[in-house]
Structures are given as C-alpha cells and as structure tokens.
Amino acid sequence: MNIFRLAGDMTHLASVLVLLLKIHTIKSCAGVSLKTQELYAIVFATRYLDILTSFVSIYNTLMKLIFLGSSFSIVWYMKYHKTVRRTYDRDQDTFRHWFLMLPCLLLALLIHEKFTFFEVLWTFSLYLEAVAILPQLVLLQRTRNIDNLTGQYIFLLGGYRGFYILNWIYRYFTEPHYVHWITWIAGLVQTLLYADFFYYYFLSWKNNKKLQLPA
Amino acid sequence: EEEYFDHDEL
C-alpha cells in the first residue's frame, strides 16, 4: 500500500458516500444516471468475486464490502425507494448501457492476463469500469442543472482513478516485475473520459458559477 | 506457478 493508492481508495470511498448522502438525506437522485450505477454494481460484482476465496487484508475485504454494499444500495434506492424513484429522470437517462457491456466482455475474452473464469471476469470489470461513467456524462449534458453534490460525486469518482495512475507509476518504479498493461491502459482511458468534465468543473469552481457542460 | 488470483488492488 502506498499513499497514492490510499488517496485513491479514500477518494473513491468519498464519491460513493457523497452520492449515498445525497440520495439518503434529500431523498432525490435528480441528475444521477441509474445506468451508470447499475454498471458500477456489475463492475464491483465481477471484480470482487474473489472476496470469499482470496484474503489480502482486512482493509481490502472491508473496502470491497463497502463498495459492493453502497453500489447495490444506490441502485436499490433509485429503482425501488418510493420517494427517490420518482426523482429519477428516466426519459433523459437513455444511454443503452447494455451495449457497453458486450464489447467489454468480448475484449476481456480476447485480451486478458490469464484465461481463467475469474481472470476474464476481472478484466471485464476493468474495461466496464473505464466506460461506466458514459451514461452519467451524457445525462449531465442533457440536464442543464447539475446540483453540486452530483458534480462533486463525479469529480471524486474521476479523481480516484487519477490517484491510481500515480500508484501504478510508483509501484512500477519500486516493485520489480510490477507490470500490468491492461490495468494501466484501462485506467488511463477511464481518467481521460473525465477530462472535459474536469475542465468545466474547474472553470465553474474558478468563476464560482453553476457547473454547465456544453450541449 | 500455482493458479492463484493475484489482485491486491481494489
């Protein structure tokens, strides 16, 4: 564990807590894409299949449980909670996210580190996470108003993978044979997808204006 | 080597 990875995990944790806080306290999920939340639940479910078989550390297992629990409860809130579900703008959140999953699965079957059931699903979760934010970014461009909790959620979610990139660079230079091209490229693509969001988020913060993504 | 699942990152 290094400071970059810890910062990344804490930023990731903060992003899901900000979203849970928003949904739980103001009982609203306006501006949040259910499609992205469903993709994230699938990302964690396919990433953490080894939670019962391989034990890395208390921290690792605890964080996996938190990410699994939070992502599935966010999906539950948005789909089934009587008050929250009414605030979900389903006619705006129309990204066909199942079309994202198939290419990720095919790519995982083609490009992976080891051709085992767990490893292919783990690689699938990596590719899926890289593109999981797309429905949310599309929704953001459609709904003009972005409340700052949703903006913070996306900012933290994008930032965590940026810290992970620093972690990979650090581990590459400090650990012999630490090379994971697949993880690195997927992580880089994921972070680059946030580039324009980061730009407009920074502008809105600098000019102290509402966050507006160009249509 | 033993078929283990060596992902130590989240």
Side-chain angles (χ1 to χ4, degrees), chain A residues 1-2 4-6 8-13 16 43-44 46-57 59-68 71 112-123 125-126 129 160-161 163-165 167-168 170-171 175 177-178 180 182-184 186-187, chain B:
Chain A
M1 173 63 80
N2 58 65
F4 303 112
R5 183 146 68 106
L6 186 63
D9 290 342
M10 291 305 111
T11 306
H12 193 190
L13 179 64
V16 292
V43 165
F44 292 133
T46 50
R47 176 96 42 103
Y48 300 150
L49 291 172
D50 64 336
I51 191 168
L52 300 175
T53 54
S54 84
F55 177 78
V56 176
S57 68
Y59 169 82
N60 187 273
T61 302
L62 182 66
M63 293 297 279
K64 285 176 177 176
L65 290 172
I66 291 171
F67 286 138
L68 281 166
S71 60
H112 42 260
E113 284 185 9
K114 274 180 292 186
F115 193 68
T116 64
F117 176 73
F118 280 140
E119 188 65 25
V120 168
L121 279 187
W122 183 85
T123 313
S125 85
L126 216 57
E129 185 188 2
Y160 111 83
R161 214 61 180 165
F163 279 122
Y164 257 75
I165 290 172
N167 150 65
W168 293 324
Y170 176 83
R171 291 187 74 176
E175 293 173 32
H177 320 303
Y178 182 81
H180 290 286
I182 293 175
T183 312
W184 298 345
Chain B
E1 91 272 13
E2 137 204 314
E3 258 306 284
Y4 61 90
F5 192 68
D6 59 344
H7 296 296
D8 64 343
E9 293 182 349
L10 288 171

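Below, chain A is the first sequence line, B the second, and so on; all start at residue 1.
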- When rounded to the nearest 0.5 angstrom, what distance separates CG in B:L10 from NZ in A:K64? 7.0 Å
- Task: Find the distance between CG (B:D8) and OH (A:Y178) and round it off to the nearest 0.5 Å.
- Result: 6.5 Å
- Task: Using the test side chain to side chain contact (heavy atoms under 4.5 Å, CB included), find all partners of A:L6 that sit at least two apart in sequence or belong to another chain.
- Result: A:M1, A:M10, A:Y59
- With sequence neighbours excluded, tell me which residues meet side chain to side chain contact (heavy atoms under 4.5 Å, CB included) with A:F163.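 In terms of side chain to side chain contact (heavy atoms under 4.5 Å, CB included), with neighbours along the sequence ignored, A:F163 is linked to A:A7, A:T11, A:L166.
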- More than 12 heavy atoms of other groups within 6.0 Å of A:F55 CZ: yes
- Task: Pick one of side chain, backbone, both or neither for A:D9, based on which atoms fall under 4.5 Å of a heavy atom in chain B.
- Result: side chain
- Checking A:Y164 against chain B: side chain, backbone, both or neither under 4.5 Å from a heavy atom? side chain
- Distance-only donor-acceptor check, side chains A:N60 and B:E9, under 3.5 Å: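 No, because no side-chain N or O of A:N60 sits under 3.5 Å from a partner of the opposite role on B:E9.
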- Parallel under 30°, tilted from 30 to 60°, perpendicular over 60°: which one fits the rings of B:H7 and A:H180?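 Ring orientation of B:H7 relative to A:H180: tilted.
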